[in-house]
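Notes to accompany the following structure.
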Amino acid sequence: MTAHDATQVDASQPASQPASQAAPQTTPAVPRLTSLSHGGGCGCKIAPGVLSELLARNESPMPMPAALLVGTETSDDAAVYQLNDEQAIIATTDFFMPIVDDPFDFGRIAATNALSDIYAMGGKPIFALAIVGMPINVLPRETIRDILRGGESVCAEAGIPIAGGHSIDSVEPIYGLAAMGVVHPKRIKRNADAQAGDVLVLGKPLGVGVMSAALKKGLLDADGYRSMIDATTRLNRVGPALAALPGVHALTDVTGFGLLGHTLEMCRGANLAAYLRMSDVPLFDGVRELADKGCITGASGRNWASYGSAVELGERLTDRDRDLLCDPQTAGGLLVSCAPGAVDDVLAVFRADGFAEAGIVGAMRPGKPSVRVI
């Protein structure tokens with residue numbers, strides 16, 4: 001169409017309706033990412049009690065090969081398969097629905113969370129595959145590209161490529177990674193190898209689930225959002241350095257089951273009890289106030305329903321303390337079980353890589369697998 005043609009079309013408007021009053025051409029509003037999902041981040045995880053029921057077997061499973069050094073037996077962070085005397089390969093997958101509305105940030109958070117499982121085993125990632133499910137007719141192509149770019153940026157920071165993947169057209173947006181890593185067989189850090197007398201050190205503060213709920217309700221301010229993004233996109237790449245310390249016995253990362261749930265997994269794997277001191281547990285600034293305003297995820301309650309029978313809360317602790325201890329973390333911190341003499345070295349490794357909030361939160365003790373919070 002020429003400029004003259006366009007003028008003729010405009011001039012054809014009825015005299016009673018000037019061209020300036022013609023109905024505007026509108027573009028459909030792009031929906032908020034979080035409005036398209038029923039849950040976000042690791043808060044989407046199936047509750048631990050339900051998961052145990054789903055994974056229960058009525059028949060004897062296939063015998064596991066001796067080279068499979070870590071499987072499903074202790075609910076560890078990843079599978080580990082020994083290749084030779086010097087190398088074992090780590091395999092894991094993690095994906096979820098949006099925890100934030102910014103597509104680039106969503107991709108970064110999901111990739112950081114997936115790679116954390118490699119670091120939690122004491123290994124280094126080597127490559128990843130993308131897992132992509134998107135409502136193709138709902139989200140603009142540019143939004144989806146931004147999610148993928150976010151994941152690629154984190155993998156680039158980790159020094160690995162995204163070497164492929166799989167995609168589907170789904171009702172809710174889903175993004176994550178299948179990640180592969182390597183570790184020396186003698187450097188593997190399971191979640192089940194804690195020892196009585198060990199000190200527990202946590203690398204990141206709690207409260208991601210609370211902040212994500214506040215974001216959905218429009219109650220999270222700019223400072224809170226920046227704090228959440230900084231934490232959930234900070235790679236737990238200190239894992240290999242921690243694994244190299246002689247006094248470090250066990251590692252895991254705190255994600256969807258909350259600090260209580262992942263500590264309890266440590267206890268069950270090692271057949272030990274643990275205690276946590278609530279006053280020592282690091283929290284994001286303002287999280288308790290947001291929780292008081294009702295910014296609690298449904299996953300927090302499901303977590304407590306699943307494992308609360310194995311937890312003893314001190315008489316001074318409140319329901320709010322319980323909610324925070326059960327709060328589902330996305331790309332949460334590493335939880336380290338180490339000998340008392342190794343604590344200073346563990347904290348030095350964390351702080352050298354920018355984990356200023358890392359601190360002692362409790363200890364492992366002889367006893368029936370359980371957690372006592374004081």
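Between the side chain of Asn113 and the backbone N or O of Thr330, no donor-acceptor pair lies under 3.5 Å. Not one N or O on the side chain of Ser116 forms a donor-acceptor pair closer than 3.5 Å with the backbone of Thr112. Looking at Asp146, its side chain never comes within 3.5 Å of a backbone N or O of Pro103 through a donor-acceptor pair. No side-chain donor-acceptor contact under 3.5 Å links Ser300 to the backbone of Thr297. Remark: the backbone N or O of Gly294 is paired with a side-chain donor or acceptor of Lys217 at under 3.5 angstrom. Not a single donor-acceptor pair under 3.5 Å links the side chain of Ser337 to the backbone N or O of Ala194. A donor-acceptor pair is defined here as one N or O able to donate and one able to accept, closer than 3.5 Å; such a pair exists between the side chain of Glu73 and the backbone of Gly71. Between the side chain of Asp198 and the backbone N or O of Gln195, at least one donor-acceptor pair lies under 3.5 Å. The backbone N or O of Ile229 lies less than 3.5 Å from a partner atom in the side chain of Thr233, making a donor-acceptor pair. No side-chain donor-acceptor contact under 3.5 Å links Asp253 to the backbone of Ala120.
Pairing each heavy atom of Ser212 with each of Met228, the nearest pair is N-SD, 4.0 Å. Between Leu335 and Val254, the closest heavy-atom pair is CB-CG2, 4.0 Å. For Gln329 against Gly207, the heavy-atom pair with the smallest separation is OE1-N, 3.1 Å. Here the closest non-hydrogen pair linking Ile296 and Ala291 is CD1-CB, 3.6 Å. Contact between Pro125 and Tyr119 at its shortest, heavy atoms only, is CD-CE2, 3.4 Å. Shortest non-hydrogen contact noted between Ala331 and Thr232 is CB-O, 3.3 Å.
Taken from CG in Leu242 to CG in Leu251, the straight-line distance is 6.0 Å, to the nearest 0.5 Å. Between the CD1 atom in Ile174 and the CE atom in Met134 there is a gap of 8.0 Å [rounded to 0.5 Å]. To the nearest 0.5 angstrom, Ser75 atom OG is 10.0 Å from Leu264 atom CG. Expressed to the nearest 0.5 Å, how far CZ of Phe95 lies from CD1 of Ile131 amounts to 5.5 Å. Here Leu324 contributes atom CG and Phe284 contributes atom CZ; the two are 12.0 Å apart, rounded to the nearest 0.5 Å. In this structure, CG on Asp327 lies 9.0 Å from CG on Asn303, to the nearest 0.5 angstrom.
With sequence neighbours excluded, the residues satisfying side-chain hydrogen bond (donor to acceptor under 3.5 Å, both in side chains) with Asp105 are Arg108, Tyr225. Under the rule for a side-chain hydrogen bond (donor to acceptor under 3.5 Å, both in side chains), the partners of Thr74 that lie at least two apart in sequence or sit in another chain are Asn191.
No side-chain heavy atom of Tyr275 sits under 4.5 Å from any side-chain heavy atom of Val373.
The aromatic rings of His262 and Phe257 lie parallel to each other, with less than 30° between the two planes, well short of the 60° mark.
Side-chain atoms of His249 and Asp193 form no donor-acceptor pair, as typed in the model, at a separation below 3.5 Å. Counting only N and O atoms by type, the side chains of His184 and Gln87 include no donor and acceptor under 3.5 Å apart.
Under the 4.5 Å side-chain heavy-atom criterion for grouping Ile, Leu, Val, Met, Phe, Trp and Tyr, Leu334 is not connected to Leu235 through any hydrophobic cluster. No chain of hydrophobic side-chain contacts below 4.5 Å, direct or via other Ile, Leu, Val, Met, Phe, Trp or Tyr residues, connects Val199 to Leu202.
Salt bridge absent: Asp77 and Arg190 never bring a charged side-chain N and a carboxylate O closer than 4.0 Å. The residues Arg145 and Glu142 are annotated as salt-bridged, a charged nitrogen and a carboxylate oxygen being separated by less than 4.0 angstrom.
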Can Phe355 and Asn236 be said to form a side-chain contact (heavy atoms from CB on, under 4.5 Å), step by step? CA-CA 9 Å; Phe355 292 84; Asn236 281 323; 3.6 Å; yes
### Trace of the side-chain contact (heavy atoms from CB on, under 4.5 Å) decision for Met266 with Thr252
CA-CA 8 Å; Met266 270 191 169; Thr252 191; 3.9 Å; yes
Item to complete: Go through Ile374 and Leu276 one step at a time and tell me if the side-chain contact (heavy atoms from CB on, under 4.5 Å) criterion holds.
Response: CA-CA 6 Å; Ile374 60 176; Leu276 301 173; over 6 Å; no
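The one candidate from Asp280, Thr263, Leu259 that meets the side chain to side chain contact (heavy atoms under 4.5 Å, CB included) condition with Leu200 is Thr263. Across Arg351, Arg234, Lys204, a single residue satisfies salt bridge (charged side-chain N to carboxylate O under 4.0 Å, His left out) together with Glu357, and that is Arg234.
For CG of Asp230, the number of neighbouring non-hydrogen atoms (other residues, nucleotides, ligands) closer than 6.0 Å is greater than 12. Around the CG atom of Asn84, the shell of radius 6.0 Å holds more than 12 heavy atoms that belong to other residues, nucleotides or ligands. Counting heavy-atom neighbours within 6.0 Å of Arg187 CZ, excluding the residue itself, gives a total of 12 or less.
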